[in-house]
Number of protein chains: 2
Amino acid sequence: MKKEKELYRDFLRSKNLKLTKPRLVIMEAVFENHEHFNVDDLYEQIKKKHKNVSRATIYRTVPLLVESGLIKQSLRCESKDIYEHTYGHENHLHFICENCGKIIESGFSDVANLIDQLAKDEKFKISEYNLGARGKCKDCQ
Amino acid sequence: MKKEKELYRDFLRSKNLKLTKPRLVIMEAVFENHEHFNVDDLYEQIKKKHKNVSRATIYRTVPLLVESGLIKQSLRCESKDIYEHTYGHENHLHFICENCGKIIESGFSDVANLIDQLAKDEKFKISEYNLGARGKCKDCQ
DNA sequence: GATGCAGTTGAGATTCATTCTCAATAAACT
DNA sequence: AGTTTATTGAGAATGAATCTCAACTGCATC
Ligand SMILES: [Mn+2]
Ligand SMILES: [Mn+2]
Ligand SMILES: [Zn+2]
Ligand SMILES: [Zn+2]
């Protein structure tokens with residue numbers, strides 16, 4: 001079984017939640033592509049494969065995927081919360097173009113090291129970084 | 001005249017916008033306290049001083065304040081956009097406690113320098129940094 | 001300090017992402 | 001298979017943010 005499915009199943013079990021068909025379909029869709037996505041993107045992607053799941057269920061499942069550590073919420077874009085699967089991927093930061101909506105990924109570890117130091121100074125325990133910037137991509141300036 | 005009012009007036013003039021009473025009331029309210037705020041906070045604050053301004057006008061004015069450089073949008077909190085006046089203040093990043101909601105401010109420039117370099121590599125023009133982390137403050141661990 | 005014009009306001013309607021409700025259904029365990 | 005308990009889908013509800021438009025106001029000009 002794929003590592004992420006195992007992790008998901010164990011996570012659900014640990015919370016007395018059931019590994020249902022919709023929950024599996026959603027999780028698989030999330031790992032099917034490597035783009036950042038919002039709930040509606042996911043809904044359409046799943047619909048295209050004729051494995052329909054309601055929006056309500058996607059809205060309910062995404063927070064579970066976040067809690068399980070498989071995906072992370074990213075900077076919001078066009079008034080919608082966006083996510084990306086992060087399990088098995090390097091941390092990185094996001095540059096979001098305010099004009100065309102494009103998301104550019106960039107390095108992370110140097111920035112994270114610096115912030116870790118600042119957090120340490122404040123005795124703050126980081127659980128999730130929120131790092132990026134808005135602006136104009138090179139095509140939109 | 002206060003420096004920020006001057007800057008505001010010049011900004012408005014440069015865009016052929018009028019310095020109206022509501023716009024002035026809102027700007028003054030923003031500089032009256034040093035907390036992070038959302039539109040509703042501002043609305044209530046202004047109402048308390050009996051200088052009522054409609055929510056619609058606040059929603060219309062806040063983006064102008066952002067564009068003028070007097071305030072910045074910060075990390076959103078409880079599904080609402082939050083802001084802080086930044087004119088005359090050092091840039092800083094935010095550590096948000098997931099438990100008690102406290103916002104801790106910390107240094108910035110080293111982190112910004114690093115990110116500036118990464119953005120330069122991508123030919124990305126930053127208009128707004130979005131830097132911080134969620135986690136637990138020292139009192140909540 | 002009256003006039004004209006373009007930008008502005010407030011109130012309420014509207015949009016739209018997200019959350020909620022609840023009756024019907026499915027997973028998990030014995 | 002039967003029992004229990006969580007889950008689902010459809011649509012209603014919520015609420016932050018935006019839009020509409022008739023009445024109003026800042027401001028430049030005379
Ligand atoms: Mn990413
Ligand atoms: Mn701050
Ligand atoms: Zn762009
Ligand atoms: Zn705390």
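Here is the naming used below: chain letters follow the sequence lines, and residue numbers restart at 1 for every chain.
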Checklist line | Atom of B:C137, atom of B:I104 and distance for their closest heavy-atom approach | finding: CB-CD1, 3.9 Å
Next item on the list: Search all heavy atoms of A:L75 against all heavy atoms of A:A133 and return the closest pair with its distance.
Entry: CD1-N, 4.3 Å
Starting at [atom1] of [X] and ending at [atom2] of [N], how long is that distance when rounded to a whole Å?
| X | N | atom1 | atom2 | value |
| --- | --- | --- | --- | --- |
| A:E78 | D:dA17 | CD | C1' | 15 Å |
| B:Y83 | D:dA16 | OH | C1' | 11 Å |
| B:R23 | C:dG10 | CZ | P | 11 Å |
| B:R9 | D:dG26 | CZ | C1' | 15 Å |
| A:K80 | D:dA17 | NZ | C1' | 14 Å |
| A:I58 | C:dT19 | CD1 | C1' | 15 Å |
| B:R76 | D:dA16 | CZ | P | 10 Å |
| B:L12 | C:dA6 | CG | C1' | 15 Å |

Check: Can you check whether B:K123's main-chain N or O pairs, donor with acceptor, with A:Q141's side chain at less than 3.5 Å?
Finding: yes
Listed pairs, N/O of protein and of nucleotides 26-30 of chain C, under 3.5 Å:
from, atom 1, to, atom 2, distance (Å)
C:dA27, N3, A:K18, NZ, 3.1
C:dA28, OP1, A:L19, N, 3.4

Next item on the list: Using the closest heavy atom to pick a nucleotide of DNA chain D for each, name whichever of A:T57 or A:N16 lands nearer the 5' end.
Entry: A:N16
Next item on the list: In sequence, state the C-alpha distance, the side-chain angles, and the governing distance for A:H34 and A:E84, and then conclude on side chain to side chain donor-acceptor pair (under 3.5 Å).
Entry: CA-CA 8 Å; A:H34 290 262; A:E84 59 184 334; over 6 Å; no
Please output the side-chain donor-acceptor pairs of residues 106-113 of chain A that fall under 3.5 Å, not counting sequence neighbours, one pair per line with the distance.
from, atom 1, to, atom 2, distance (Å)
A:N113, ND2, A:S109, O, 3.3

Notebook entry, point to check: Say you draw a straight line from CZ of B:F95 to CZ of B:R134; how long is it, rounded to the nearest 0.5 Å?
Noted result: 13.0 Å
If you restrict it to nitrogen or oxygen atoms, what contacts under 3.5 Å exist between nucleotides 18-24 of chain D and the protein, and what is each distance?
from, atom 1, to, atom 2, distance (Å)
D:dT20, O4, B:R60, NH1, 3.3

Check: side chain to side chain contact (heavy atoms under 4.5 Å, CB included) with B:I58: which of B:D41, B:I26, B:V25, B:D40?
Finding: B:I26
Notebook entry, point to check: Do the non-hydrogen side-chain atoms of A:F124 and A:L118 ever get within less than 4.5 Å of each other?
Noted result: no
Check: Looking at residues at least two apart in the chain, or sitting in another chain, which of them share a salt bridge (charged side-chain N to carboxylate O under 4.0 Å, His left out) with B:D121?
Finding: none
Notebook entry, point to check: Going by the angle between their ring planes, with limits at 30° and 60°, are A:H92 and A:H94 parallel, tilted or perpendicular?
Noted result: perpendicular
Just distance, no hydrogens or angles: give the donor-acceptor pairs under 3.5 Å from side chains in residues 2-14 of chain B, sequence neighbours left out.
from, atom 1, to, atom 2, distance (Å)
B:Y8, OH, B:R23, O, 3.1
B:S14, OG, B:F11, O, 2.6

Note to self: With the threshold set at under 4.0 Å for non-hydrogen atoms, list the residues of residues 28-42 of chain B touching DNA chain D in residue-number order.
What the structure shows: none
